[in-house]
Amino acid sequence: MPEAIIVHGGAWDIPADLHAEHVAGCRAAAEAGWAVLSRRGSALDAVEAAVRVMEEHPVFDAGFGSHLNRDAAVELDAGMMDGRTLMAGAVAAVKRVRDPISLARRVLHDSEHVFLVGEGAELFAQEVGMALCDPAELIVERERLAWERRRAAAPAAANSRAAFVARSSDTVGAAALDADGNLAVGNSTGGTFFKHPGRVGDTPIIGCGLYADNTLGAAACTGWGEQIMKTVLAKTTVDQIALLGNAATAANVAIAYFKLRIGGLGGIICLSPEGQVGWAHSTPHMAYAYRTAGMDAVVAALKSAA
Ligand code: ASP
């Protein structure tokens, strides 16, 4: 089976001065994932490696460098799914976990549950031997200043369309196909800027932000989570891959539906069971990178709306 990896680094109106960093971060993530696949590592390992690179990169809204919520705290969400077994793991609203994708992976393998939140998720992290971090360690100056400016500004709905387009979000995600023909997907985010404490978006929710099934395909979404949840966008995309037999067309069809039905703002990356890649977005920009068998290097780009 030909290996493939595709990653995203968010879909929104990414400011010009951040374009290069988004492209570089996506490239590094896809390269890390490809390195795993090329030594016959599993799709799950490739996805985890790729997402961790972006969680550690401060430009993205995931792990270190994430957006602050209304109370000036970082609250992180992440999820993973194994396309071979349909096993899934997710965490939400964790404040003391630097790489929540790895905690989601532990939930997938080591918990009888699929989804753990808040203090319970952090307790599980300790039970499986993962170190917790100081919440302050996740905050970067850029985000602290953005939060100060937002607090001083005239009150506007933190979750409005205008707020989303203006400053949300660089959620990260990856989908991979390994040499054994197994698909996996993962997503990680700090959520929307200035969100209500406890707010969870689509990113860790199976079927909404991510879905993988070896028999159908894999997809990860980014964008305005409240809209993505209502349209179950990842499963919608994967179903289109199965129906149309083409990942690129499926991504376009899913985004067209998302836009038409709900005025959706977001982006999708996806893989077919054969390793075709697809991506589409309805936002001004989306950052992504991919490599498939037969390519000499990762292609990384920041796509602008047509
Ligand atoms: N979907 C994420 C959320 O709503 C944000 C993003 O993708 O950037 O939390």
Side-chain angles (χ1 to χ4, degrees), residues 5-12 25-26 29-30 32-33 43-57 60-63 65-67 75-83 87-94 97 99-108 114-117 121 168-176 183-192 195 199-213 217-229 231-238 251 254 266-271 279 281 286-290:
I5 182 145
I6 183 163
V7 310
H8 73 78
W12 59 296
C26 287
L44 282 165
D45 283 344
V47 164
E48 184 179 2
V51 172
R52 278 186 73 122
V53 166
M54 294 188 281
E55 286 179 335
E56 286 299 328
H57 195 306
F60 297 113
D61 177 32
S66 287
H67 290 333
E75 276 189 343
L76 302 172
D77 312 328
M80 275 191 91
M81 187 163 186
D82 178 357
M87 281 167 68
V91 296
V94 293
V97 180
D99 293 293
I101 194 71
S102 294
L103 182 55
R105 176 98 189 255
R106 297 304 295 263
V107 174
L108 185 156
V114 167
F115 206 152
L116 296 174
V117 302
S168 282
S169 276
D170 312 296
T171 292
V172 306
L183 287 165
V185 69
N187 249 349
S188 182
T189 190
T192 46
K195 66 189 179 183
R199 178 266 187 193
V200 179
D202 62 296
T203 302
I205 299 179
I206 308 310
C208 298
L210 71 165
Y211 201 77
D213 180 338
C221 303
T222 176
W224 195 358
E226 279 69 12
Q227 294 183 318
I228 296 172
M229 285 189 276
T231 48
V232 198
L233 197 57
K235 182 63 161 65
T236 297
T237 305
V238 158
I268 299 167
I269 55 165
C270 60
L271 281 180
W279 63 88
H281 63 114
M286 179 163 84
Y288 66 98
Y290 65 94

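Counting heavy atoms from C-beta outward, N187 and H8 have side chains that approach closer than 4.5 Å. Side chains of H67 and T192 form no contact here, defined as non-hydrogen atoms less than 4.5 Å apart. The shortest side-chain heavy-atom distance between I101 and E55 falls under the 4.5 Å cut-off. Residues F115 and V91 have side chains not in contact (no heavy-atom distance under 4.5 Å, counting atoms from C-beta outward). Residues R199 and E226 have side chains in contact (heavy-atom distance under 4.5 Å, counting atoms from C-beta outward).
The main-chain N or O of G190 is found under 3.5 Å from a side-chain atom of K195 such that the two form a donor-acceptor pair. Side chain of H281 to main chain of A11: no donor-acceptor pair is present (N/O by atom type, distance under 3.5 Å, no hydrogens or angles). At distances below 3.5 Å, not a single donor-acceptor pair connects side-chain atoms of K235 with backbone N or O atoms of A219.
Shown here are the side chain to side chain contact (heavy atoms under 4.5 Å, CB included) partners of A212, two or more places apart in sequence or in another chain: M81, V185, A218. In this structure, the salt bridge (charged side-chain N to carboxylate O under 4.0 Å, His left out) partners of R105, at least two apart in sequence or on a different chain, are D45, E48. Scanning for side chain to side chain donor-acceptor pair (under 3.5 Å) contacts around T237 gives an empty result, with sequence neighbours left out. Partners of D77 by side chain to side chain donor-acceptor pair (under 3.5 Å), not counting sequence neighbours: none found. For A43, the side chain to side chain contact (heavy atoms under 4.5 Å, CB included) partners two or more places apart in sequence, or in a different chain, are A176, D178, A184.
Atom CG of D99 and atom CE of M54 lie 12.0 Å apart (nearest 0.5 Å). Y290 contributes atom OH, which lies 11.5 Å from atom CG of L271 (distance to the nearest 0.5 angstrom). Residue D61 holds its CG atom at 4.0 Å from OG1 of T189, rounded to the nearest 0.5 Å. I6 contributes atom CD1, which lies 11.0 Å from atom CD1 of I268 (distance to the nearest 0.5 angstrom). Atoms CD1 and OH, on I269 and Y288 in that order, are 11.5 Å from each other to the nearest 0.5 Å.
Of all non-hydrogen atoms in A254 and L233, the two that sit nearest each other are O-CD1, 3.8 Å. Across all their heavy atoms, C26 and A289 have their closest contact at O-CB, 3.5 Å. For the pair S188 and T171, the tightest heavy-atom approach, listed with the atom from each and the gap, is O-CG2, 3.3 Å. Here the shortest heavy-atom pairing between G186 and V47 reads N-CG1, 3.3 Å. Nearest approach of G33 to I5, heavy atoms of both residues: CA-CD1, 3.6 Å. The two residues R52 and S102 make their nearest non-hydrogen contact at NH1-OG, 2.7 Å.
Between H57 and F60, the two ring planes are perpendicular [angle over 60°; tilted spans 30° to 60°].
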Show me the donor-acceptor pairs within less than 3.5 Å that the side chains of residues 200-211 make with the rest of the protein, sequence neighbours left out.
none

